[in-house]
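For reference, the structure is listed below as structure tokens.
Indexing begins at 1, ligand by ligand and atom by atom, following the structure's order. As the structure is a computational prediction, the values presented were derived from the model and not from experiment.
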Amino acid sequence: MKSKDFLSISDLTSEGIRALISKAVAMKNEGWNSQLSQKILVLLFEKPSLRTRVSFEVAMRQLGGQSLYLSPEEVQLGKRESIPDAARVLSRYANVIAIRTFAQEKLEIFANNAGIPVINALSDLEHPCQALADMITIYEHKQTLEELTIAFIGDGNNTAHSLMLAAGLCGIDFRIASPKGYRVQDKILKTAQQYAAENQSTILSTEDPRQAITNADVVYTDVWASMGQEAEAKQRRKAFANYQVDSELLAMAKKDAILMHPLPAHHGEEVAENLIYCPQSVVFDQAENRMHAQKAILSDILGGLEITLPGYR
Ligand code: CP
Ligand code: NVA
């Protein structure tokens, strides 16, 4: 049962992530079906969302299932009710649950007490659904996942962690440039480097944005202050002042490099004003692919395959 939880991109093997990318690309052309009729997805969110909430709800409807959303005000995980109790109760009503929360540990406690699969819809540590959508987007635009380099410029945050792990699993070179004090977590870096070594690629963490971006195929950035870090925004703007992706920095990547951002963007901070509307930007394809990625995940977790999913550890 636990093997069905999608709490980290590390819950997928290298073959598993490739299979999900192929499945999502295929499902993108297939449209609506009824494979998840009589299935219910609960979305339990402790942080705001536009893309994740809507793309999960639409994904579920397109597959013939239904979803319901519990807002941050309603949930109060671990306050109004213990996490194990909430997990046990929701397992009696729904077939799958997607949770957006702060500590990864909360997700793990929930999953350990739930009788249904649990999907990480973003935590402080990881954003695996985003990373899967990003890999689909890269594959679509580059027509391959071979011999590519992703440069991530900015905070070593949840998005960076999942993307770095996904790059290692897919055999993509990954270079991240972050200021001192804001680099990716060592443990996750080491895991990603181990995946990369198994898949003939490399992962580098540096403080130098130019080193990271030179000749990259994919340029990626994300907000400097994530949800829950609003009080640090001013201090972070100072620390990240030399890490804005602007047209000059982007020009150091390959001529046909694509620009990516998970959105929401803070225009004029991590990305220069209007840059996400330039021809190299694929950010709205990324947003669309959230839905296709999640259709593939939901279909694999619930679509009659039940527990035995190839590629799930
Ligand atoms: N990219 C992303 O997860 O967006 P939301 O926070 O709007 O869901
Ligand atoms: N790092 C951002 C991603 C939002 C999709 C955050 O956690 O707020």
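The backbone N or O of G115 lies less than 3.5 Å from a partner atom in the side chain of S91, making a donor-acceptor pair. With E232 contributing its side chain and Q229 its backbone, the two residues share no donor-acceptor pair below 3.5 Å. Under a 3.5 Å cut-off, the side chain of Y243 and the backbone N or O of D155 do not form any donor-acceptor pair.
By the side chain to side chain donor-acceptor pair (under 3.5 Å) test, S281 pairs with no residue at all, sequence neighbours left out. For F56, the ring pair (Phe, Tyr, Trp, His ring centres under 6.0 Å) criterion is met by no residue, not counting sequence neighbours. In terms of the side chain to side chain donor-acceptor pair (under 3.5 Å) criterion, residue partners of N157 (sequence neighbours excluded) are, by chain and number, D222.
Each of Q294, H292, Q286 was scored for a side-chain hydrogen bond (donor to acceptor under 3.5 Å, both in side chains) with R290, with one residue passing: Q294.
Using cut-offs of 30° and 60° for the angle between ring planes, the F174 and F152 rings count as tilted.
Taking CZ of R18 as the start and CE of M135 as the end, the distance is 9.5 Å to the nearest 0.5 Å. Note that the NZ atom of K295 and the CG atom of N289 stand 11.5 Å from one another [nearest 0.5 Å].
Between M227 and ligand 2, at least one pair of N/O atoms sits closer than 3.5 Å. At a 3.5 angstrom cut-off on N or O pairs, S226 counts as close to ligand 2. Remark: ligand 2 and K47 share no N or O pair separated by less than 3.5 Å (distance only, no angle test). The N/O atoms of D222, backbone and side chain alike, include one that comes under 3.5 Å of an N/O atom in ligand 2.
Shown in contact with N157 at under 4.0 Å from a heavy atom are these atoms of ligand 2, numbered in order with element: 1 (N). Those atoms of ligand 2 that come under 4.0 Å of a heavy atom in N158, given as number and element, are 1 (N), 2 (C), 6 (C), 7 (O). Residue-ligand proximity, T159 to ligand 2, at heavy-atom distances under 4.0 Å covers atoms 1 (N), 3 (C).
Residue-ligand proximity: L263 is placed with a non-hydrogen atom under 4.0 Å from ligand 2.
Counting heavy atoms under 4.0 Å from ligand 2, residue T52 does not touch it at all.
Across all their heavy atoms, H161 and L125 have their closest contact at ND1-O, 2.9 Å.
Distance from atom 4 (C) of ligand 2 to its nearest protein heavy atom, with residue and atom name: L122 CD1, 3.9 Å.
Near ligand 1, S49, L50, R51, T52, R100, H127, Q130, P262, L263, R290 each place a heavy atom less than 4.0 angstrom from the ligand.
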